[in-house]
Structures are given as C-alpha cells and as structure tokens.
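These notes are about the structure you will find just below.
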Amino acid sequence: MAMQGIDEDPTPHGKLTLQTLSMPADTNPYGDIFGGWLMTQMDLGGAILAQEVARGRVTTVAVGSMVFLRPVPVGATVSVYASTIDVGRTSIRTLIEVWIKDGAQQEVTKVTEGEFVYVAIDDNGRTRPVPK
Ligand SMILES: CC(C)(COP(=O)(O)OP(=O)(O)OC[C@H]1O[C@@H](n2cnc3c(N)ncnc32)[C@H](O)[C@@H]1OP(=O)(O)O)[C@@H](O)C(=O)NCCC(=O)NCCS
C-alpha cells in the first residue's frame, strides 16, 4: 500500500463515510485521543463502504499497515474516508484515511491511514461471494 507522507497530499481520498467529534471520554492518559478509538472509527467507516460494495453484511478479517501521523485533540471534527483497493472472491480491501479539522482551524489534516480487509458473509457468518 502506498502510504502518504504527512505533508505530501493535502486532500482526502475516497468517500466520506463517517463524521464525528472527538470527545474527552476518548482520550489517553496524556489528553490526546486514544488510538484504539480512532481505529474503531476507521473500522466503522470502512465497513460502511464495504457493506455497499458487498450489498450486505461484512466482517473485518484483517487490518494491514497502519500509521498514526499526528495526535488528535479533543473537540476536532473527525472524518473517515474509505476507498476500495481491490475486490476478491469474498474479500474487499479498503484504504481508510482519517482527517481532522480542529475547531480553531479551517484546514483539514490527515491523522491516520490504514488498510482494512472485509469479508462478505451471510446471515450465518459464512463467507459469500461479493456480487459483481
Ligand atoms: C472472516 C471469516 C468469516 C473468514 O472465514 P475463512 O473461513 O477464514 O474464509 P477464507 O479463508 O475463505 O477467507 C475469506 C477471504 O478473506 C481473505 N483473508 C483471510 N484472511 C486474510 C488476511 N489475514 N489478510 C487478508 N485477507 C484475508 C481471503 O483471502 C479470502 O478472500 P477472497 O475470497 O477474496 O480470496 C472468519 O475468519 C471469521 O469469522 N473471522 C472473525 C471475524 C470477526 O469477528 N471480525 C470482527 C473482529 S472486530
């Protein structure tokens, strides 16, 4: 996967699938947002796109390379962008970027990027082919 450097590209890639606000309850002991919370937002944002592609239920099977580029402060607008990298027989590889807008600033900053793999499953949790 081609990882973007911190300042290489100033624009988000993919579809905006999730937007939320970073809250004090989501901080680590040092006052910045906990990385696990960010990964949850990424997983949710990616699943929203993967469900569209799979036209139904999906589950996360793997998380590929992840990079945390900058800390996220409390009170930032957190936007998750997802794009499909590849569709296999049952799997959907998805690139996920998280961008923030700090309350005081207008420009957006990329804070994380990672690759999540989803698998299309049926009501019984068994794999099913992704529709063409
Ligand atoms: C996802 C799950 C249904 C896959 O079942 P499985 O019997 O391992 O299925 P397969 O081996 O046929 O793999 C399914 C697809 O996932 C891909 N895959 C499996 N493991 C992978 C990995 N580590 N990395 C990337 N892709 C992977 C396979 O290549 C295959 O893709 P393809 O059909 O497009 O070629 C099963 O592993 C499962 O239920 N896992 C738990 C999922 C879960 O609870 N997720 C939530 C955690 S928060």
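Just so you know, these numbers use all the heavy atoms, side chains as well, and skip hydrogens, waters and symmetry mates. In each ligand, atom 1 is the first atom listed, and ligand 1 is the first ligand listed.
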Let's go through Thr20 and Gln41 carefully: what are the C-alpha distance in whole Å and the side-chain angles of both, what is the deciding distance for side chain to side chain contact (heavy atoms under 4.5 Å, CB included) to 0.1 Å, and is it a yes or a no? CA-CA 9 Å; Thr20 186; Gln41 307 314 309; 3.9 Å; yes
min-distance protein heavy atom vs atom 38 (C) of ligand 1 -> Thr59 CG2, 4.9 Å
Report the part of Ala62 (side chain from C-beta onward, or backbone N, CA, C, O) that has a heavy atom under 4.0 Å from ligand 1; answer both or neither where that applies. side chain
Sub-3.5 Å donor-acceptor pair from the side chain of Tyr118 to the main-chain atoms of Asp43, do we have one? yes
Which residue and heavy atom of the protein sit nearest atom 48 (S) of ligand 1, plus the separation: Asp43 OD2, 4.6 Å
Side chains of Val72 and Leu38 in contact at under 4.5 Å (non-hydrogen atoms): yes
Output for pair (Glu115 CD, Ile85 CD1), nearest 0.5 Å, gives 4.0 Å
Any protein heavy atom under 4.0 Å from atom 32 (P) of ligand 1? yes
Paired with Ser91, the side-chain contact (heavy atoms from CB on, under 4.5 Å) test is passed by just one of Thr127, Val117, Asp86, namely Val117
Among Leu44, Ile48, Ile96, which residue satisfies the side-chain contact (heavy atoms from CB on, under 4.5 Å) criterion with Thr17? Ile48
Of all protein heavy atoms, the one nearest atom 35 (O) of ligand 1 is Arg89 N, 4.1 Å
For atom 6 (P) of ligand 1, what is the nearest protein heavy atom, given as residue, atom name and distance? Thr127 CG2, 4.4 Å
Which protein non-hydrogen atom lies closest to atom 47 (C) of ligand 1, naming both residue and atom, and how far is it? Thr60 O, 4.2 Å
Among all protein heavy atoms in this structure, tell me which lies nearest to atom 15 (C) of ligand 1, with the distance rounded to 0.1 Å. Thr90 OG1, 3.2 Å
Closest protein heavy atom (residue, atom, distance) for atom 27 (C) of ligand 1: Val61 CG1, 3.9 Å
